[in-house]
Amino acid sequence: MSILEEMNPVQQEAVKHVDGPLLILAGAGSGKTRVLTHRVAWLISECGVNPWNILAITFTNKAAGEMRERVDRIVDFGAEDVWVSTFHSMCVRILRRYIDRLGYERSFTIYDTDDQKTVIKEVCRQLEIDTKIYKERSLLAAISSAKEELLSPEAYEKQAAGNYQQNRVASVYRAYQARMKSNNALDFDDLLVKTVELFEQHPDVLEYYQERFKYIMVDEYQDTNTVQFRLVSLLAARYRNICVVGDDDQSIYKFRGANIHNILDFEKTYPEAKVIRLEQNYRSTQNILAAANGVIRNNTERKAKTLWTENEEGDKVRLEQCQSEQEEALSVARDIARNISAGKGQYKDYAVLYRTNAQSRVLEEKLIMLNIPYRVIGGVNFYQRKEIKDILGYLKTIGNGRDDVAVARIINVPKRGIGAASIAKADDYAQNLGINLYESLRMADGIPGLNKAAAARISAFVNLIEVFRAKADYLSLSDLFDNILEETGYLAELTAEHTDEAQTRIENLDELRNKIVSYEKSESEPTLSGLLEQIALVAEVDSLDDSDNKVLLMTLHSAKGLEFPNVYICGMEDGLFPGYLSITSDDPSDLEEERRLCYVGFTRAMKTLKLSAAASRMQHGNIQRAKLSRFVREIPEELLDTAAPAAARPSIGASRINRPSMKTNAGRFNVSYFVPKGNQIVSGELEYGVGDTVRHVKFGTGKVLDIKKGGKDYEVTVQFERFGVKKMFAGFAKLKKA
DNA sequence: AATGCGATGCCTTAT
DNA sequence: GCATCGCATT
């Protein structure tokens with residue numbers, strides 16, 4: 001029986017459990033994805049379950065895709081009928097169909113955190129709330145956690161009774177929600193909350209989905225929050241065929257409302273539940289696992305379990321203590337370069353993990369220096385860039401005219417002489433009539449206090465949008481995109497600028513176009529709302545591609561659910577990891593969450609794990625000193641290898657360093673003759689001169705206009721064919737004579 | 001109306 | 001160290 005092949009007895013038991021609630025406690029690397037996919041296959045081929053009746057909720061879209069693919073490989077047909085998606089995508093799908101029952105239009109838009117901030121700002125201005133005292137950030141956090149707990153604005157108000165501050169927050173929450181509705185927009189939390197509302201207020205809809213999803217599976221159950229729990233409970237209430245998989249030791253999303261009791265109390269919610277523990281780890285070496293166990297056993301709030309493995313003992317966990325984050329990053333980069341040139345795997349077998357996104361910068365710098373291809377996951381999002389948000393603003397306006405945030409964003413971009421004063425007048429008018437901003441713009445002539453010329457400019461804008469709307473009916477999305485860039489003059493304005501920055505923006509827009517095209521190719525029925533949805537909900541980890549041979553940089557959070565042969569964890573310092581707030585918190589569970597994060601990090605590693613720390617590091621613009629992380633001290637000493645490799649410790653002022661890759665891989669590491677000396681870069685002879693054509697890894701080819709000797713380095717001015725004139729230091733730019 | 005400058009405040013983590 | 005914001009300047 002192929003489905004059960006190569007599975008251990010416990011895994012088989014989990015796969016074969018068909019009816020009734022099932023809790024699978026799956027330790028890291030215990031093959032839970034395997035169990036989940038095989039269970040889906042089992043239901044379909046062995047139990048005759050209609051694939052249509054199966055719902056599998058995963059944590060990321062990537063995991064969803066993988067699961068579908070793997071099921072597809074095992075079963076003969078029907079895999080495409082299984083609903084595999086994340087909580088958020090599932091909710092959007094349901095809401096697109098039924099949200100009109102809640103008084104929204106089905107063309108609703110999804111607001112990201114930036115859009116939310118804009119709404120909060122407006123709301124605060126209206127309510128005359130000082131955002132110096134009530135920070136937008138914390139207001140949003142309060143609203144978000146209220147939603148996660150399914151507290152409506154009304155309920156929040158009641159709870160706040162008598163508390164002045166809470167009352168203020170309640171009024172912001174109420175106004176925010178009203179504004180969102182008027183904009184026909186939902187934020188991330190709303191997607192879940194509104195689906196629960198839909199189910200609770202419309203039993204016929206709930207019943208439809210209960211009948212539809214007779215078998216439900218939820219992955220990463222330890223990270224579900226209260227709304228998600230409610231959602232799952234509602235769907236599973238009828239057939240109670242619910243299978244959840246999780247590991248309480250890997251619960252790392254308490255900060256966004258995850259309730260660890262959802263998994264700890266599963267047996268209370270479903271007394272008839274069967275519990276299966278997967279404790280054999282197939283991923284990591286004994287040493288890595290022992291180190292992870294050594295750390296996690298210091299937590300008190302956990303279900304006792306011991307992860308074991310039949311894998312080899314493996315290398316010890318390496319630890320390197322550096323002077324600064326610069327030295328740390330350089331050491332990591334060198335280590336990777338050395339290993340690769342020694343034939344130990346490819347770039348994509350290496351991942352560098354850290355606690356905060358800000359740490360990625362130094363690492364990037366050093367990887368570039370050593371010519372190591374890498375990819376950063378997360379951090380500053382592509383979709384947060386101005387030019388991208390602008391064009392998306394047009395698309396949103398075309399799709400949902402009630403999206404005031406989008407309309408306000410683009411009404412004067414590019415400049416059309418519609419200034420803040422005119423917009424304010426239109427906005428007042430809209431408020432008074434209780435209509436949306438765009439609707440008021442359509443009646444520009446009637447807006448009080450607006451002069452003829454301004455009204456005419458507004459009408460021209462409305463006309464522009466209306467033409468786009470008409471075109472949207474017959475143009476493809478990519479054609480519509482081109483049309484917007486063209487007709488608005490957005491592209492022309494950028495092109496006319498002739499600056500490097502404008503050039504980069506054009507490149508970014510090009511990239512956006514690529515994404516639109518690939519969306520069109522991947523969907524059988526591409527729609528504008530579908531595109532915007534994908535942009536809002538698809539995380540960067542989702543697009544990870546195994547064929548992309550690059551070192552991966554990401555936060556420990558993003559790494560959840562992934563595995564790599566070789567893992568580096570940087571910044572193992574008290575105050576950074578565990579974070580300062582968790583150390584000083586009077587709630588000890590905050591520190592425990594950090595410890596679980598550490599456990600998650602360690603268990604991502606298959607073969608080797610290297611930890612590093614810096615004695616001092618630049619944080620918020622000033623140098624902070626820190627002690628070695630307490631988590632490192634929790635690792636049994638005999639598992640640690642603290643001897644730093646010789647080459648990682650260059651004496652200050654050394655003029656030459658060990659460069660093992662130079663001779664064996666001549667040409668590939670063409671910047672290796674730049675030797676770090678303190679913060680300075682010392683260069684050898686340049687292989688190019690003024691007038692030569694050179695090649696830059698990112699900017700392509702160009703002509704050298706000038707070379708100036710500045711301090712210890714050369715400042716090279718290059719006229720690139722596609723990116724214009726750039727000045728760069730020879731020590732950092734990877735220029736090669738072409 | 002648009003730009004540019006200096007002060008400010010801020011750091012987890014992410015769909 | 002970086003981005004955002006308010007204010008002053010043209």
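We name chains A, B, ... by the order of the sequence lines, and we start the count at 1 in each one.
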Exercise for review: Go through C:dG1, B:dA2, C:dC5 for me and flag the one nearest to the A:M618 side chain.
Suggested key: C:dG1
Review point. Got a sec, which residues hit ring-ring contact (aromatic ring centres under 6.0 Å, His included) with A:Y383, two or more places apart in sequence or on another chain?
Key: none
Review point. Rounded to the Å, how far apart are A:R125 CZ and C:dC5 C1'?
Key: 14 Å
Review point. Whole Å only: how far is the CD1 atom of A:I418 from the C1' atom of B:dA1?
Key: 13 Å
Review point. Between A:H261 and A:F229, is the gap from one ring center to the other below 6.0 Å?
Key: no
Study note, to complete from the structure: Rounded to whole Å, CD of A:Q326 lies from C1' of C:dG1 at a distance of 13 Å
Exercise for review: Run the numbers on A:S585 and A:D587 for side-chain hydrogen bond (donor to acceptor under 3.5 Å, both in side chains), then give the verdict.
Suggested key: CA-CA 5 Å; A:S585 163; A:D587 182 359; 5.4 Å; no
Revision key, fill the gap. Letter by letter from the 5' end, nucleotides 10-15 of chain B scores (B base, S sugar-phosphate only, - none; protein heavy atoms under 4.0 Å) SBBBBB
Exercise for review: Could you tell me whether a side-chain N or O of A:R457 sits under 3.5 Å from a main-chain N or O of A:I418, the two making a donor and an acceptor?
Suggested key: no
Check your understanding: Do the ring centers of A:Y98 and A:F199 come within less than 6.0 Å of each other?
Key -> no
Check your understanding: At under 4.0 Å between heavy atoms, what does A:K117 touch on the DNA or RNA strands: base, sugar-phosphate, or nothing?
Key -> nothing
Review point. Are any of the side-chain heavy atoms of A:E197 and A:V193 separated by less than 4.5 Å?
Key: yes
